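Below is one structure; the comments refer to it alone.
The figures that follow rest on heavy atoms only: side chains count, while hydrogens, waters and symmetry mates do not. It should be emphasised that the depicted structure is a prediction, and the values quoted were computed from it without experimental measurement.
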There are 2 protein chains.
Amino acid sequence: MDTLRERKKQRTREALLRVAIELFTTRGYEQTTVDDIADAVGVSQRTFFRYFAGKEDAALALDAMTVSNFVDSVRARPPHEPPLEALRQAVLQGWDTLHEVVESVVPVERFLGMYRVIESTPVLLAAHLRRSAEVEEVLTRVLAEREGLDAATDPRPRLLVAVFSGVMRVTERQWSTDGEFSLEAMRALTVSHLELLGPALTGTWVPYTKT
Amino acid sequence: MDTLRERKKQRTREALLRVAIELFTTRGYEQTTVDDIADAVGVSQRTFFRYFAGKEDAALALDAMTVSNFVDSVRARPPHEPPLEALRQAVLQGWDTLHEVVESVVPVERFLGMYRVIESTPVLLAAHLRRSAEVEEVLTRVLAEREGLDAATDPRPRLLVAVFSGVMRVTERQWSTDGEFSLEAMRALTVSHLELLGPALTGTWVPYTKT
DNA sequence: GAGGCTAGTGACAGCCGCTGACAATTGACA
DNA sequence: TGTCAATTGTCAGCGGCTGTCACTAGCCTC
């Protein structure tokens, strides 16, 4: 980890990632070529592809960090918590610790900026959604194990995770299109949407007034 | 619609689609180039791209047909039905009428085959999920209008649709990985998963026994 | 400290998806 | 039948991505 070689590698990777995010957020994803990134770092295109599986991979790298942080939080939740509450707490915890997770690479604002890029770039959004589906798979297994159930035969963990993820997707989307683009706004939206989950599922809807 | 030109165009399009599906399901999506498809039809690559926005577009064309059939069904549901029930009935109705919708292009088996291809090809799955997100948007508006709510300020229609879509995603996935690959199996899974939605959301889970 | 060993890089060639531009063809319609 | 418009083919080119191979630079041993 501390040999010169390793440090050089890590520096190259971070340089590539930083430049990529910079260009994606300023110029746009489609308007940025891999060559642009590689040239800006002073490295060959081939090298870029040795560090990232593709252009998408670089664009989603930050998000991947926060996601794995979230999954860790879920695993660390006390076992007596009901599953849905464990997910809820883990997400909120994720927002609170986002700073420490992301700041080692870029300032948090850049992360927020990338979110807008992802949400507004069809091919990136698609890749993001597919990754989310993979995360759902992982969460399903975690919850099943927590509760001593068999994820292969019992659909309930999978269903709960799917519902939860659906709510979070709605939250992400509204957040990224709203004017308010802060972590506090994200927290508030998360809480409010999860509270509305019950009422939204009732047979018929009573008139709604914003609280 | 019945001029010679139009008929020729439609025939070309259907030929391209049929050949594409044939190759995708037998050889695999990634292993099939656009040139393969165009050559097999006896048409230039450029022409393929005049009929389909891309390779993905051809692979998802069948699915798009069934989806729009489903959306139509939702719109046609009687207004007194609670929203979730309307979605439920529309989906089941969708499976029942799938034959008529798809058979004009390829036999139903091919459609089922394409589903496996989509589910097992990362880039296709990603595109499929993104399209599903767009469908959610449409459904949200339909439900909001049905209930006389404003989709822009009231999150409940959006949340309900997200939850419903989450359940359907789980259903699709399990169906495509199960051995049972029939419409009846899909119907049964749909019904059972929607019934389990309530129990899956309860605070704690009681032991589960398969019915 | 010189040697060989290996991980990391650059340079090159090439495939595939996709697009723009223009010329050639083929159906429509007077 | 001749004119016009729609459809197609050809060609050139870009960008993402991969395989190959030679080269460089850090590592490790004697």
Side-chain angles (χ1 to χ4, degrees), chain A residues 1-17 19-21 23-24 26-61 117-118 121-128 130-131, chain B residues 1-17 19-21 23-24 26-61 117-118 121-128 130-131:
Chain A
M1 179 75 80
D2 55 343
T3 138
L4 175 58
R5 247 202 195 124
E6 311 255 349
R7 263 174 299 157
K8 250 187 161 176
K9 264 176 64 177
Q10 188 147 346
R11 258 191 295 128
T12 319
R13 200 195 128 88
E14 283 191 5
L16 282 168
L17 188 50
V19 168
I21 291 169
L23 292 177
F24 291 159
T26 55
R27 190 185 310 181
Y29 179 76
E30 319 261 21
Q31 285 67 45
T32 306
T33 71
V34 174
D35 281 319
D36 291 338
I37 302 168
D39 288 352
V41 176
V43 126
S44 78
Q45 191 213 48
R46 197 67 184 82
T47 294
F48 174 92
F49 285 109
R50 289 201 177 92
Y51 283 95
F52 298 97
K55 211 174 133 185
E56 285 179 11
D57 196 41
L60 298 177
V117 174
I118 293 171
T121 309
V123 53
L124 276 189
L125 180 56
H128 173 63
R130 201 199 67 221
R131 288 184 175 212
Chain B
M1 179 75 80
D2 55 346
T3 139
L4 174 57
R5 246 199 195 127
E6 310 256 350
R7 263 175 298 159
K8 249 187 161 177
K9 265 177 65 176
Q10 189 147 345
R11 259 193 292 130
T12 315
R13 199 195 129 88
E14 282 190 5
L16 282 169
L17 188 50
V19 168
I21 290 169
L23 291 178
F24 291 160
T26 54
R27 192 186 306 180
Y29 178 77
E30 318 262 21
Q31 285 67 44
T32 307
T33 71
V34 174
D35 281 318
D36 291 338
I37 303 169
D39 289 351
V41 176
V43 125
S44 78
Q45 191 214 47
R46 198 66 183 80
T47 294
F48 174 92
F49 285 110
R50 289 203 178 92
Y51 283 95
F52 298 96
K55 209 174 134 185
E56 284 178 13
D57 196 42
L60 298 177
V117 173
I118 293 171
T121 308
V123 53
L124 276 188
L125 181 55
H128 174 63
R130 200 199 67 219
R131 289 184 175 212

For this session: Return the value, rounded to whole Å, for the distance between atom CZ of B/Arg46 and atom C1' of D/dC11.
Result: 11 Å
Problem set entry | Set of residues satisfying side chain to side chain donor-acceptor pair (under 3.5 Å) with respect to B/Thr47, sequence neighbours excluded | B/Ser44
Exercise. Are B/Lys8 and C/dT26 close enough that a side-chain N or O sits under 4.0 Å from OP1 or OP2?
Worked result: no
For this session: For B/Tyr29, enumerate each residue passing the ring pair (Phe, Tyr, Trp, His ring centres under 6.0 Å) test, keeping only those at least two apart in sequence or located in another chain.
Result: B/Phe24
Would you tabulate the pairs of protein nitrogen or oxygen atoms and nucleotide nitrogen or oxygen atoms of nucleotides 1-7 of chain C closer than 3.5 angstrom?
from  : atom 1 : to     : atom 2 : distance (Å)
C/dT6 : O2     : A/Arg5 : NH2    : 3.2

Exercise. Could one point to a donor on the side chain of B/Arg7 or the base of C/dG27 with an acceptor on the other under 3.5 Å away?
Worked result: no
Problem set entry | Under-4.0 Å side-chain N/O to phosphate OP1/OP2 contact, A/Thr47 with C/dG10 | yes
Exercise. Does anything in residues 48-58 of chain B reach DNA chain D, meaning a heavy atom under 4.0 Å, and if so which residues?
Worked result: B/Arg50, B/Tyr51
For this session: Examine C/dA11: is either OP1 or OP2 under 4.0 Å from a nitrogen or oxygen in the side chain of A/Ser44? Give yes or no.
Result: no
Seminar exercise, completed: Contacts of A/Phe49 meeting ring pair (Phe, Tyr, Trp, His ring centres under 6.0 Å) (sequence neighbours excluded), chain-then-number -> none
For this session: Could you check how far CZ of B/Arg11 sits from P of D/dT8, rounded to whole Å?
Result: 11 Å
For this session: Identify, with sequence neighbours excluded, every residue that meets salt bridge (Lys or Arg N to Asp or Glu O under 4.0 Å) alongside B/Arg130.
Result: B/Glu134
